[in-house]
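Below is one structure, written out as structure tokens; the observations come after it.
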Amino acid sequence: MYNPTVARLTYRALLGRRRALILFALPALLILISVAVRALTGVDDKVASDLLGGFALATMVPLIGVIAGTGAIGPEIDDGSIVYLLSKPVKRPTIIMTKLIVAIAVTMAFSAIPTLIAGFILNGNGQQIAVAYTVASLVASIAYSALFLLLGTVSRHAVVFGLVYALIWESLFGSLVSGAKTLSVQQWSLSLAEKIAGEGYVDATVALPTAAVLLVVVTVGATVYAGQKLRRLTLAGEE
């Protein structure tokens, strides 16, 4: 279920000059803000939790997920270069799985690692806050990558839909409407962070067992459905 050639092409597409600038910009901004906050406020566990939860997990991780998830396959479908892959003797579910693995790796690298660094800058991992949000970022990276890879497979406007979900549904409705929180990857990952961090520093509205089930269902369901959609794409001359 993993093809090195497909992986290499996907990495090359995701880490091209334009996308790489965006991918590096968000983590750099997080670390810059963390340095400034630490210099101005000193060590403050609550401030560290608020910054990592409000910027790193709520904004940076989903945005990087959108870039990596949709960018892993969307542009190839849009410009028709996916035909090159589909014409090769590679199973289409293998293409999806390979691209998902690459998207997850890129999302984790550009979100979880900066989150850990920022956490140590802010409060030296006091109350396990840095580790808690890093684990949450790792888990969220998997779900976001699968979800946005599916969007890239089924829609030519995947980036737009991804941004709507990440910025409007998760950040706006997810913070204001209680029912929407149950359908939020951010809230599911916060359930893990809540278990790891010191009491009172992370507030999750979804119970951990429910969050774990939903994370698995969304990740597996999105991956399987993306594989089916790609399988239905036909080339000229195919019967």
Side-chain angles (χ1 to χ4, degrees), residues 1-26 59-111 140-171 183-186 215-239:
M1 299 300 289
Y2 181 84
N3 186 282
T5 301
V6 175
R8 185 174 63 255
L9 293 172
T10 306
Y11 275 118
R12 186 179 301 171
L14 287 179
L15 300 178
R17 182 174 300 177
R18 181 183 296 179
R19 286 193 178 88
L21 288 175
I22 300 174
L23 288 171
F24 277 105
L26 289 169
T59 303
M60 184 183 72
V61 180
L63 287 179
I64 291 176
V66 170
I67 296 169
T70 60
I73 194 169
E76 291 177 292
I77 293 178
D78 290 343
D79 63 20
S81 60
I82 191 70
V83 171
Y84 171 79
L85 285 179
L86 299 183
S87 64
K88 301 300 179 181
V90 181
K91 294 181 179 178
R92 297 183 185 187
T94 298
I95 295 175
I96 289 294
M97 278 302 303
T98 302
K99 289 182 173 294
L100 175 61
I101 291 170
V102 172
I104 290 172
V106 170
T107 306
M108 285 182 172
F110 284 92
S111 60
S141 295
I142 298 173
Y144 282 131
S145 296
L147 185 61
F148 296 135
L149 180 67
L150 171 62
L151 284 177
T153 306
V154 302
S155 174
R156 290 182 177 272
H157 306 289
V159 174
V160 175
F161 291 133
L163 291 175
V164 168
Y165 176 82
L167 299 179
I168 297 180
W169 179 266
E170 295 244 311
S171 298
L183 300 177
S184 168
V185 174
Q186 176 190 337
L215 282 166
V216 171
V217 168
V218 167
T219 302
V220 174
T223 304
V224 171
Y225 189 60
Q228 291 177 345
K229 291 295 292 184
L230 192 63
R231 192 194 300 270
R232 294 193 188 107
L233 286 177
T234 57
L235 303 176
E238 282 188 342
E239 296 183 3

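Atoms considered below: every heavy atom in the structure, side chains included; atoms not considered: hydrogens, waters and symmetry mates. Along the sequence shown, residues are numbered consecutively beginning with 1.
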Would you call Ser145 and Leu100 a side-chain contact if the rule is heavy atoms closer than 4.5 Å? yes
Thr70: partners by side chain to side chain donor-acceptor pair (under 3.5 Å), with sequence neighbours left out: none
So do the side chains of Leu151 and Tyr165 get within less than 4.5 Å of each other, counting heavy atoms only? no
Heavy-atom distance under 4.5 Å between the side chains of Leu23 and Val106, does that happen here? yes
Side-chain heavy atoms of Ile96 within contact of Val224, under 4.5 Å: no
Heavy-atom closest pair (Asn3 atom, Thr5 atom, distance to 0.1 Å) is OD1-N, 3.0 Å
Tell me, do Ile168 and Leu163 make a side-chain contact under 4.5 Å, heavy atoms counted? no
For Val66 and Ala166, which heavy atoms make the closest approach, and how far apart are they? CG2-CB, 4.4 Å
In terms of ring plane angle, is the pair Phe148 and Tyr144 parallel, tilted or perpendicular, where the classes change at 30° and 60°? parallel
Contacts of Tyr225 meeting ring-ring contact (aromatic ring centres under 6.0 Å, His included) (sequence neighbours excluded), chain-then-number -> none
Do Ile101 and Tyr2 come within less than 4.5 Å of each other through their side chains, counting heavy atoms only? yes
Would you say the side chain of Pro93 lies within less than 4.5 Å of the side chain of Met1, judging by non-hydrogen atoms? yes
Looking only at heavy atoms, the pair that brings Val61 and Ser111 closest together is CG2-CB, 3.8 Å
Let me know which of Val102, Leu150, Leu149 forms a side-chain contact (heavy atoms from CB on, under 4.5 Å) with Ile73. Leu149
How long is the span from the OG1 atom in Thr107 to the CD1 atom in Ile142, to the nearest 0.5 Å? 10.0 Å
Distance, nearest 0.5 Å, that separates NZ of Lys88 from CD1 of Ile95: 11.5 Å
Between Lys99 and Thr10, a side-chain donor and acceptor under 3.5 Å: yes
Walk me through whether Ile67 and Leu14 qualify under side-chain contact (heavy atoms from CB on, under 4.5 Å). CA-CA 8 Å; Ile67 296 169; Leu14 287 179; 5.5 Å; no
List the atom of Ala146, the atom of Thr223, and the distance in Å for their closest heavy-atom pair. CB-OG1, 3.9 Å
Thr98 meets the side chain to side chain donor-acceptor pair (under 3.5 Å) criterion, sequence neighbours left out, with none
Nearest heavy atoms of Ala72 and Ala103, plus distance in Å: CB-CB, 4.4 Å
Return yes if some donor-acceptor pair links the side-chain N/O of Arg231 with the main-chain N/O of Arg92 below 3.5 Å, else return no. no
